[in-house]
Amino acid sequence: MPDNTARTRRCSDCDGFPTVAITTGQRTPEGSRKTTSVTCRACKGTGVLAGRRLAASLGR
């Protein structure tokens, strides 16, 4: 069985889920719930770490 020890570049703040939909508690005239999209501030919606943050998380 292959040994896969490669670290992922996944963002530690959003855990790879960079954009989420949050319900506001209000309803549209059709009756469905209103949602708003929010992106991760740490990775800016990419879901992965970049440059300096990646090196810091790997202990370099």
Side-chain angles (χ1 to χ4, degrees):
M1 193 186 294
D3 185 20
N4 188 2
T5 59
R7 290 191 157 223
T8 61
R9 294 180 45 199
R10 188 178 336 148
C11 176
S12 60
D13 289 345
C14 66
D15 201 28
F17 294 94
T19 304
V20 295
I22 300 174
T23 59
T24 62
Q26 300 173 342
R27 297 214 178 242
T28 64
E30 295 85 29
S32 60
R33 294 181 186 219
K34 288 186 180 181
T35 60
T36 184
S37 291
V38 180
T39 58
C40 176
R41 288 186 235 168
C43 65
K44 295 180 177 51
T46 61
V48 294
L49 295 175
R52 205 175 328 147
R53 285 198 59 204
L54 176 61
S57 71
L58 294 176
R60 295 182 182 170

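Numbers here are sequence positions counted from 1. All values below were derived from every heavy atom in this structure, side-chain atoms included, with hydrogens, water molecules and symmetry-related copies excluded.
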Participant: Do other residues, nucleotides or ligands put more than 12 heavy atoms under 6.0 Å from R33 CZ?
Facilitator: no

Participant: Does a side-chain heavy-atom distance below 4.5 Å link R10 with D15?
Facilitator: yes

Participant: Let me confirm one number: the CZ-SG distance from R41 to C11, rounded to the nearest 0.5 Å.
Facilitator: 12.5 Å

Participant: Could you tell me which non-hydrogen atom of T39 sits nearest to which non-hydrogen atom of G45, and how far apart they are?
Facilitator: CB-CA, 4.2 Å

Participant: Do you know the tightest heavy-atom contact between P18 and G47?
Facilitator: CB-N, 3.6 Å

Participant: Check the pair E30 / T28 against side-chain hydrogen bond (donor to acceptor under 3.5 Å, both in side chains), numbers first and verdict last.
Facilitator: CA-CA 5 Å; E30 295 85 29; T28 64; 3.3 Å; yes

Participant: A21 and T35: which non-hydrogen atoms are nearest, and at how many Å?
Facilitator: CB-CB, 4.4 Å

